[in-house]
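Okay, so here's the structure we're looking at.
Since we're looking at a predicted model, the values are computed, not measured. So you know, we letter chains A, B, ... as the sequences are listed, proteins then strands, and number each from 1.
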Amino acid sequence: MSSSSNHSHPVRVRFAPSPTGFLHIGGVRTALFNWLYARHLGGQFLLRIEDTDLERSEERFTSDIIASMKWLGLNWDEEPIFQSKRLEEYRAKALELVARGLAYKCFCSEEEVEQMRVKATAEGKKPMYDRHCRDLGLERHPTEPNRPWVIRSKTPLAGYVEFTDLIRGPIRVENTEIDDFVLIRSNGAPTYNLSVVVDDVYSRMTHIIRGDDHINNTPKQIHLYRALGYEVPLFAHLPMILGPDKKKLSKRHGAVSANVYRSDGYLPEALLNFLARLGWSHGDQEIFTIQEMIQYFSFDHCQKSSAVFNVEKLLWLNGAHIRGADPKRLASIVAEDYSDHFAGIPQALSRLKTDLGARIVSMVQPKVKLIKELTEQVVPLCTPGAVEVDASGLKWNKDENLKAATQAAVQRVLDELSKKVAASGVKSGSDPVWGGTPSLEEVGMNHEGVDAYLRQVGEQHGVKLGDLVQPMRLVVTGRMVSASLFDLMAILPWDVVETRLRKIAAL
RNA sequence: GUCCCUAUCGUCUAGAGGCCUAGGACAGCGCCUUCUCACGGCGUAAACCCGGGUUCGAAUCCCGGUAGGGACGCCA
């Protein structure tokens, strides 16, 4: 690739969102690529809050951005910069440019400028300010001393700007295409193009990595770097993320706060993995740990074209990352992010945190795609006593004989296994929270044992294994779909299993 | 409208002139496995936008067209 240029000093990059909305997927992707690049090269990654738009910036959005970044693990290396605290700086730089003849005060009203744009459009030209005040060199309006003014850049009238994008290669724009854009608004606040340049210089940024909706701003900013006498950094413009309709991602596509993905049950590394693969690749590899992403990241393998956000693949990736996660960690995520599922059952929450809780999680985790589902499966398994069931889906509802035979078989299971537990001589279970009774496993009957035993009972009562298992699964787990019943029967304290199995007779 | 950018299966992508009768993944379909649901395994269908060049040879390079996206704010 082109240009590692003269920037031999350590890489410094930033993510610079404006707090006018939640941190959405597109923002996360931009943050991620900056972060990966910095971490890959051992450079610094900074966070800057671009809150120069006083009307639309809101503190709650700043909080959302910071919370989301933290959840995702996209950590920054220096104190975040808030542009609202540096307003004087931008103003001073703009005034300096006016003094040096590189910018000027403009007294045209917004209505007048709007007319110019209408006129230009009618002439088939780009709607631009017609530079009315450019060469007047006015300090104040001749007839209206209090008339408000803005500061505009004095964009060169001829020539062109060219830069080499790290992802797209050379991009060239004629200066005639560039407006005399506003630097300082009539209320004294700076506009984006000014503050971004002043701050990127202030923070000694070496690379500007951002969405490609900023390609058109880059030439303006390059003019500013030059006017201000600064070294121009390197640019990398990332392709956009599109909704399923191939339009810019918006709220209607469910592109809400990254925090929503947290409550929906996505793992941060899964979301990051998914976003990394949207526009970047490393051969055929699909599943990456954070470390691998950092290790392999490079602009050489970044895509130039935009990508459609595909929830199905994110879901699959999330399942893959859940499967590979440490059960103890998953248990604590369930406990922290889904505490509302434990409302009224504090025992379940404490049981979740035991070794047995982690074992339960490990049996459910290979089967779910979302932490939410994991939670829904795990809660009843950690709850003491019987759980509510809905027996309407059972096959025996259509077959009285099957129902009678199954109930008889389960009764026998109850009798024989209770006897076995009592006869084992094992007085109490090893789990400190679950207390009381040992599990079947603790009296010598593991998964295989339960398997063989239930097959045998089913055969003797003329009930197919599947027909015997489903009602048992329902009362033991509270659901028609669950982790392996044999596993669960083996590891749960026998009294829990017994209590629940007794409900079979009443169905 | 003007300017900028982009263009491989439905989607994410591999591909840096011959290794491509175009590979992987998700989703789909079929089968196997199976105590449910998943997972897993095997298989199947599915793409180089079009037209010109350059070259012995082009998905790859160049030009044009077309299509899509983005920008054109005293938003960022």
Side-chain angles (χ1 to χ4, degrees), chain A residues 16-21 50-53 55-57 106 109-110 113-114 117 120-128 148-152 165 168 171-174 176-179 181-193 195-196 210-219 237 239-240 242 244 246-248 274 277-287 300-301 303-317 319-320 323 364 366-369 373 377 450-451 454-455 458 464-470 472-474 477 479-487:
Chain A
S18 71
T20 53
E50 306 216 322
D51 51 356
T52 53
D53 184 345
E55 273 101 71
R56 280 190 275 182
S57 297
C106 166
S109 69
E110 292 187 59
V113 174
E114 180 52 33
R117 281 197 254 276
T121 306
E123 289 168 0
K125 287 186 272 193
K126 214 177 211 179
M128 297 203 299
W149 46 268
V150 300
I151 295 181
R152 287 184 181 273
D165 191 281
R168 289 156 206 271
I171 295 176
R172 174 184 163 142
V173 177
E174 296 297 322
T176 50
E177 297 295 331
I178 307 172
D179 213 346
F181 52 100
V182 172
L183 264 20
I184 298 287
R185 306 178 240 230
S186 55
N187 69 0
T191 59
Y192 163 74
N193 281 310
S195 60
V196 79
R210 73 230 302 198
D212 70 11
D213 47 342
H214 284 297
I215 286 184
N216 297 281
N217 284 324
T218 306
H237 287 99
M240 303 257 81
L242 273 26
K246 305 202 175 190
K247 291 270 192 305
K248 198 175 176 180
F274 172 72
R277 284 288 287 105
L278 233 45
W280 172 79
S281 62
H282 180 70
D284 284 342
Q285 188 169 344
E286 296 288 352
I287 299 172
D300 294 348
H301 293 277
Q303 199 79 2
K304 291 178 186 154
S305 52
S306 46
V308 172
F309 184 89
N310 177 207
V311 195
E312 299 288 350
K313 190 159 183 178
L314 170 59
L315 201 57
W316 169 76
L317 262 175
R323 267 172 253 137
V364 177
K367 318 173 88 62
V368 299
K369 289 193 164 74
E373 297 171 50
Q377 288 280 330
V450 176
D451 186 338
L454 289 183
R455 276 174 203 282
K464 281 191 284 188
L465 187 63
D467 294 335
L468 176 60
V469 163
Q470 274 311 94
M472 293 176 73
R473 179 194 313 285
L474 181 65
T477 70
R479 305 176 154 264
M480 292 290 282
V481 172
S482 79
S484 164
L485 179 72
F486 305 157
D487 273 329

Checklist entry - In terms of side-chain heavy atoms of T191(A), which of rC12(B), rC74(B), rU2(B) is nearest? => result rC74(B)

Counting the atoms with a prime plus P, OP1 and OP2 as sugar-phosphate, which does [X] contact under 4.0 Å by heavy atoms, base, sugar-phosphate, or nothing?
{"X": "T52(A)", "answer": "sugar-phosphate"}
{"X": "E50(A)", "answer": "sugar-phosphate"}
{"X": "G211(A)", "answer": "nothing"}
{"X": "S281(A)", "answer": "sugar-phosphate"}
{"X": "L465(A)", "answer": "sugar-phosphate"}
{"X": "A483(A)", "answer": "base"}

Item to check | rU2(B) pairs with, by Watson-Crick or G-U criteria that keep both distances under 3.5 Å | outcome: rA71(B)

Next on the checklist: Is there a side-chain contact between R117(A) and the phosphate of rG73(B), meaning an N or O under 4.0 Å from OP1 or OP2?
Outcome noted: yes

Next on the checklist: Between C106(A) and S482(A), which residue's closest nucleotide on RNA chain B lies nearer the 5′ terminus?
Outcome noted: S482(A)

Give each protein N/O atom lying under 3.5 Å from an N/O atom of nucleotides 26-28 of chain B, with the pair distance.
from: rC26(B); atom 1: OP1; to: W316(A); atom 2: NE1; distance (Å): 3.4
from: rC26(B); atom 1: O2'; to: K313(A); atom 2: N; distance (Å): 3.3

Pick out the pairs of N or O atoms, protein on one side and nucleotides 62-69 of chain B on the other, that lie under 3.5 Å.
from: rG69(B); atom 1: OP1; to: K247(A); atom 2: NZ; distance (Å): 2.8

